[in-house]
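Here is the structure we will look at, set down as structure tokens.
First the proteins, then the strands, lettered A, B, ... as listed; each starts at 1.
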Amino acid sequence: MGLAKRIIPCLDVNNGRVVKGVQFVDIRDAGDPVEVARRYNEEGADEITFLDITASSDNRETIIQVVEQVASEVFIPLTVGGGIRTVDDVRRMLLAGADKVAINTAAVFNPELVKAASDSIGSQAIVVAIDAKSTGEGKWEIFTHGGRKSTGIDAIEWARKMTDYGAGEILLTSMDRDGTKIGFDNELTHAVAQAVTIPVIASGGVGNLQHLVDGVKKGGADAVLAASIFHFAEYSIGEAKRFMAEQGVEVRL
Amino acid sequence: MSQKIAVLDYGMGNLRSVSKALEHVAPNAEVRVTDDHEWIRRADRVVFPGQGAARDCMAAIGQHHLNREVREAMESKPFLGICMGLQVLMAFSEENAGTELLGIFPGAVKRFAADMPGDNGLPLKIPHMGWSRVDQSASHPLWEGIEDGARFYFVHSYHVVPEDRSLVAATTDYGIEFVSAINRGNLFAVQFHPEKSADAGLMLLKNFVNWKPE
């Protein structure tokens with residue numbers, strides 16, 4: 001068919017440093033974002049995602065500087081998420097050099113933001129990030145504020161609605177799996193991938209390379225996102241891609 | 001003497017990444033994101049990027065009075081169209097309930113069908129987003145050092161269908177085989193984003209910067 005499944009390393013950035021927590025707590029330092037991004041690019045990452053988890057808005061400028069620096073030397077698509085609330089925020093990130101912006105909490109409180117941003121900037125730049133938690137057999141609910149607040153909204157319906165509103169892609173994180181290293185929630189990924197016409201990125205739970213393969217084969221994901229297995233050099237992006245290719249997944253080598 | 005490269009600014013798309021990538025491959029060139037007619041006329045090379053919807057793109061070209069500049073540049077100097085910068089060269093787009101384009105070449109811009117079967121039992125996603133193979137139709141200075149079938153990064157829901165098949169410089173498979181690059185004289189235009197396509201993309205930009213069309 002020809003389109004490679006994308007491998008996307010994710011950098012959680014706090015006050016200008018890459019960090020990684022387990023289920024959003026217990027944060028460990030994983031380096032300078034520009035250096036990490038450069039290394040991932042050299043290893044063959046298909047895209048890089050930055051999630052700005054900086055709590056205070058005073059430090060918002062920091063992530064913009066990070067994006068500017070990375071965009072000057074890393075020539076693959078860059079996505080930035082965290083704290084995006086207005087169309088102006090989207091524009092600022094794109095001007096800094098991001099190609100796509102991930103909108104999460106703000107989309108829940110103001111779905112029109114997704115519509116307005118995709119209308120004026122184009123769907124290709126708008127990623128809707130969904131944090132979902134299982135609430136029973138084949139049911140998932142979306143959570144906001146880094147997984148702390150329940151919304152009562154069904155994840156599958158929400159994914160459909162965001163597609164209608166002009167999202168170009170969905171970044172789907174399983175809150176149950178995030179940081180656990182036991183693999184993606186492939187049932188969740190598959191349910192969403194089947195429900196929408198736009199690409200779905202699976203996220204949350206990767207602990208080994210087989211999990212990446214399963215995300216594509218069992219989950220039907222168009223792209224797989226992982227953080228800690230790459231940060232702490234457990235595996236390189238190149239190793240991940242070679243393994244996936246051996247398992248019959250089409251990747252860019 | 002350092003050469004001047006104009007990246008046409010008509011308010012559409014991520015121009016910064018295009019200019020950064022050009023600066024990266026041509027550190028001695030003067031790269032400017034501009035809608036200044038005089039500067040565009042004096043530039044040695046012109047890059048015509050673009051993202052977003054066809055109608056907005058055409059409106060923005062009009063607002064920036066770039067219609068004539070685009071035509072003159074593509075007749076007189078090395079000219080590189082990227083993404084929407086390829087599509088607007090056609091006559092007509094299906095997008096936005098039908099949009100008239102620059103009409104440099106006869107042909108249409110069509111949307112990918114919604115029901116093309118994918119490899120995992122689900123229909124192919126639209127937009128076509130990600131790294132696909134670009135099959136070179138013939139050798140060309142811009143393909144130099146780039147493996148035939150190398151992967152480039154794409155993001156688009158529409159693709160060009162030029163009437164004159166001799167324009168085709170490359171094709172790509174996504175449910176159907178579509179035209180992913182065209183070439184005529186000093187003009188080269190691509191559907192993918194070389195500025196986001198890692199080494200292969202940088203090589204193509206470098207080839208463009210060094211290109212001396214006959």
Side-chain angles (χ1 to χ4, degrees), chain A residues 1-8 41-42 44-47 67-68 70-78 93-100 118-125 127 163 168-170 190 193-201 216-223 248-253, chain B residues 12-25 50-53 56-57 83-84 112 114-135 149-157 172-175 177 193-202 205:
Chain A
M1 194 276 294
L3 181 65
K5 301 298 177 191
R6 288 170 281 153
I7 316 300
I8 309 177
N41 177 47
E42 281 162 11
D46 296 311
E47 217 170 297
V67 173
E68 278 176 353
V70 173
S72 302
E73 42 185 314
V74 172
F75 300 101
I76 56 175
L78 305 176
M93 287 302 172
L94 298 183
L95 274 176
D99 298 281
K100 310 181 208 178
S118 64
D119 272 354
S120 66
I121 294 156
S123 291
Q124 83 287 337
V127 181
T163 306
E169 194 169 34
I170 285 172
H190 197 266
Q194 204 166 28
V196 299
T197 53
I198 57 177
V200 174
I201 306 166
V216 170
K217 286 194 166 175
K218 296 183 181 161
D222 301 284
V249 177
E250 187 165 357
V251 292
R252 176 179 70 107
L253 288 170
Chain B
M12 300 293 286
N14 192 350
L15 304 175
R16 192 176 181 278
S17 61
V18 175
S19 65
K20 284 287 158 202
L22 287 164
E23 282 164 14
H24 187 82
V25 298
Q51 260 175 11
D56 297 349
C57 228
C83 193
M84 189 51 80
F112 285 113
D115 53 359
M116 301 187 296
D119 56 0
N120 56 4
L122 302 172
L124 281 184
K125 299 299 172 106
I126 298 171
H128 167 218
M129 183 186 284
W131 300 77
S132 284
R133 292 189 183 282
V134 170
D135 298 316
R151 290 182 188 272
F152 286 83
Y153 187 77
F154 288 82
V155 192
H156 62 129
S157 302
T172 292
D173 185 24
Y174 191 66
E177 189 189 81
H193 289 272
E195 76 280 13
K196 288 289 157 188
S197 296
D199 292 347
L202 292 175
L205 291 176

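In this structure, chain A has heavy atoms under 4.5 Å from both the backbone and the side chain of Pro127(B). Using a 4.5 Å cut-off between heavy atoms, Lys100(A) contacts chain B through its side chain alone, with no backbone atom that close. Contact of Asp222(A) with chain B is made through the side chain alone, with heavy-atom distances under 4.5 Å. Residue contact with chain B, scored on non-hydrogen atoms closer than 4.5 Å, involves the backbone and the side chain of Arg252(A) alike. Using a 4.5 Å cut-off between heavy atoms, Val251(A) touches chain B through its backbone atoms (N, CA, C, O) alone. Ala125(A) does not touch chain B: none of its heavy atoms, backbone or side chain, sits under 4.5 Å away. Looking at Glu68(A), both its backbone and its side chain come within 4.5 Å of chain B, counting heavy atoms on both sides.
Looking at Asn41(A) and Val70(A), their side chains never come closer than 4.5 Å, going by heavy atoms from C-beta outward. Between Gln194(A) and Leu122(B) the shortest side-chain heavy-atom distance falls below 4.5 Å. In this structure, the side chains of Ser157(B) and Ile126(B) come closer than 4.5 Å at one or more pairs of heavy atoms.
Ranked by heavy-atom pairs under 4.5 Å with chain B, the first of Gly44(A), Ser120(A), Ser118(A), Ala96(A) is Ala96(A). Ranking Pro77(A), Gly168(A), Pro199(A) against chain B, the residue ahead of the rest is Pro77(A), based on heavy-atom pairs under 4.5 Å. Most heavy-atom pairs under 4.5 Å with chain B, from the set Ala71(A), Ala193(A), Ala223(A): that is Ala193(A). Here Ser72(A) is the residue among Ala45(A), Ser123(A), Ser72(A) with the most heavy-atom pairs under 4.5 Å with chain B. Counting heavy-atom pairs closer than 4.5 Å to chain A, the top-ranked of the candidates Lys20(B), Arg151(B), His128(B), Glu23(B) is Arg151(B).
With rounding to the nearest 0.5 angstrom, the CH2 atom of Trp131(B) is 12.5 Å from the CG atom of Leu253(A).
For CG of Asp199(B), the number of neighbouring non-hydrogen atoms (other residues, nucleotides, ligands) closer than 6.0 Å is 12 at most.
Proximity of a side-chain donor or acceptor of Lys196(B) to a complementary backbone N or O of Ile76(A) within less than 3.5 Å is detected. Looking only at distances, no side-chain donor or acceptor of Ser17(B) sits under 3.5 Å from a matching main-chain atom of Gly97(A).
Ile198(A) and Thr163(A) get closest at one heavy-atom pair: CD1-OG1, 3.6 Å.
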